[in-house]
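Here is the structure we will look at.
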Amino acid sequence: ALAESDEAYFADIVRGVIESQRDIDAAIKARLASNWKLERIDATLRALLRSGAWELMKHPETPREVVIDEYVELAKAQMGMPNGAADAIKSLDTALKTLPGSAKLLTLKGDAQLKSGDTKGAQETYQKAIAIDPNAKLPDTRMALAQLHRQAKEWDKAQALYDRCIKEYEGNTAKQAETYLLMAQMAEEKGDEANKILEAYTKALSADQNYAPAYYFTGKFLSGNRKARDKAKEALETYVKMDPKGQYVASAQQLMGSLR
């Protein structure tokens with residue numbers, strides 16, 4: 001149940017939105033993309049926008065990060081809907097007019113652009129987010145940008161970003177393991193020597209021994225080496241035990257069958 005103070009504040013928001021809806025809607029419409037009507041936004045999301053706008057208008061002391069987080073949740077909700085990426089981009093553009101210079105909002109906009117198929121736009125948006133403060137810790141943003149450079153076979157740019165991610169994910173061993181895994185896969189794509197590829201997979205396993213995907217991809221890589229078949233089978237078996245309903249279980253079982 002809501003605390004009494006929360007209930008009172010919620011009642012203030014509802015009453016305030018009703019009393020000031022004309023002004024609130026005018027403020028929101030002024031920040032929407034051209035040719036985009038407020039009425040086109042989902043009713044629930046429209047209510048969230050109005051509530052957030054009322055808080056900004058009546059409580060300007062509301063911390064910037066709190067307001068940003070509200071926009072983030074709104075955009076995430078939109079992206080979870082069918083064809084919602086375009087709506088999320090419009091909402092984030094509206095938010096960025098009010099809160100320019102937010103790396104968090106720019107990163108989420110890049111994610112929405114990527115989901116909508118605008119790879120070039122996503123790359124530019126991620127770069128803008130990082131450019132706000134090149135020394136800021138933005139590992140998720142750098143990771144997304146690294147993946148785009150990797151897809152474009154811009155290996156050096158991707159590697160530099162992965163290396164930075166490893167440092168910025170300090171304390172998050174699962175994300176460090178994921179980053180090493182992506183580096184290993186990139187090394188395979190580049191055609192690096194087997195020892196260098198295996199070194200990257202080994203780093204993924206060492207970074208977090210509970211990160212199951214590292215066992216699958218290590219086993220998959222080793223399965224191509226006749227001398228490493230036992231190690232490949234061991235890694236694949238470990239993956240299946242750790243994540244019996246995992247994404248790669250069927251493939252792992254198939255590979256294990258071929259190694260017998």
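None of the values given here were measured: they were computed from a predicted structure.
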* Donor-acceptor contact below 3.5 Å, side chain Q176 vs main chain A207 -> no
* Between the side chains of D243 and Y211, does any donor sit under 3.5 Å from an acceptor? -> no
Residues 252-260 side chain polar contacts: donor-acceptor under 3.5 Å, at least two apart:
residue: S258; atom: OG; partner: L255; partner atom: O; Å: 2.6

* Structure fact -> The complete set of ring-ring contact (aromatic ring centres under 6.0 Å, His included) pairs with one or both residues in residues 239-260, sequence neighbours excluded, reads Y216-Y239, Y216-Y248, F217-Y248
* **Under 3.5 Å: donor-acceptor pair, side chain of E168, backbone of K137** => no
* Any salt bridge between K203 and E199, counting N to O under 4.0 Å? -> yes
* To do: Using the side-chain contact (heavy atoms from CB on, under 4.5 Å) rule, take Y126 and L138 through it: C-alpha gap first, then chi angles, then the decisive distance, then the call.
  => CA-CA 10 Å; Y126 291 139; L138 296 169; over 6 Å; no
* **Closest heavy-atom pair and its distance - S116, A85** => CB-CB, 4.0 Å
* Asked: Is any side-chain N of the basic residue among K175 and E178 closer than 4.0 Å to the acidic one's carboxylate O?
  -> yes
* Under the 3.5 angstrom rule, does the side chain of Y215 hit a backbone N or O of Q209 as a donor-acceptor pair? -> yes
* **Neighbour count >12 (heavy atoms, 6.0 Å) for atom CD, E234** => no
* So which heavy atom on A129 is nearest to which on T141, and how close? -> CB-CG2, 4.0 Å
* For D208 and A174, indicate whether the former's side chain and the latter's backbone hold a donor-acceptor pair under 3.5 Å. => yes
* If every non-hydrogen atom of P139 is compared with every non-hydrogen atom of C165, which pair is closest and at what distance? -> O-SG, 3.4 Å
* Asked: Can D140 and Y169 be said to form a side-chain contact (heavy atoms from CB on, under 4.5 Å), step by step?
  -> CA-CA 9 Å; D140 291 342; Y169 279 133; 2.5 Å; yes
* Residue pair P213 / L181: nearest heavy atoms and the distance that separates them -> CB-CD2, 4.1 Å
* Asked: What do the steps show when you test L92 against L106 for side-chain contact (heavy atoms from CB on, under 4.5 Å), and what is the final call?
  -> CA-CA 8 Å; L92 289 163; L106 282 168; over 6 Å; no
Could you go through residues 145-153 and list every donor-acceptor pair under 3.5 Å that involves a side-chain atom there, pairing it with any protein atom two or more places apart or in another chain?
residue: Q147; atom: OE1; partner: Y162; partner atom: OH; Å: 2.2
residue: H149; atom: ND1; partner: E154; partner atom: OE1; Å: 2.5
residue: R150; atom: NE; partner: E189; partner atom: OE1; Å: 3.1
residue: R150; atom: NE; partner: E189; partner atom: OE2; Å: 3.2
residue: R150; atom: NH2; partner: E189; partner atom: OE2; Å: 2.5

* Asked: Which pair of heavy atoms, one from I197 and one from D192, lies closest together, and at what distance?
  -> CD1-O, 3.3 Å
* **Whether S102 side chain and L105 backbone form a donor-acceptor pair below 3.5 Å** => yes
* To do: Start with the C-alpha distance between T125 and T107, add both sets of side-chain angles, then the distance that settles side-chain contact (heavy atoms from CB on, under 4.5 Å), and finish with yes or no.
  => CA-CA 7 Å; T125 302; T107 297; over 6 Å; no
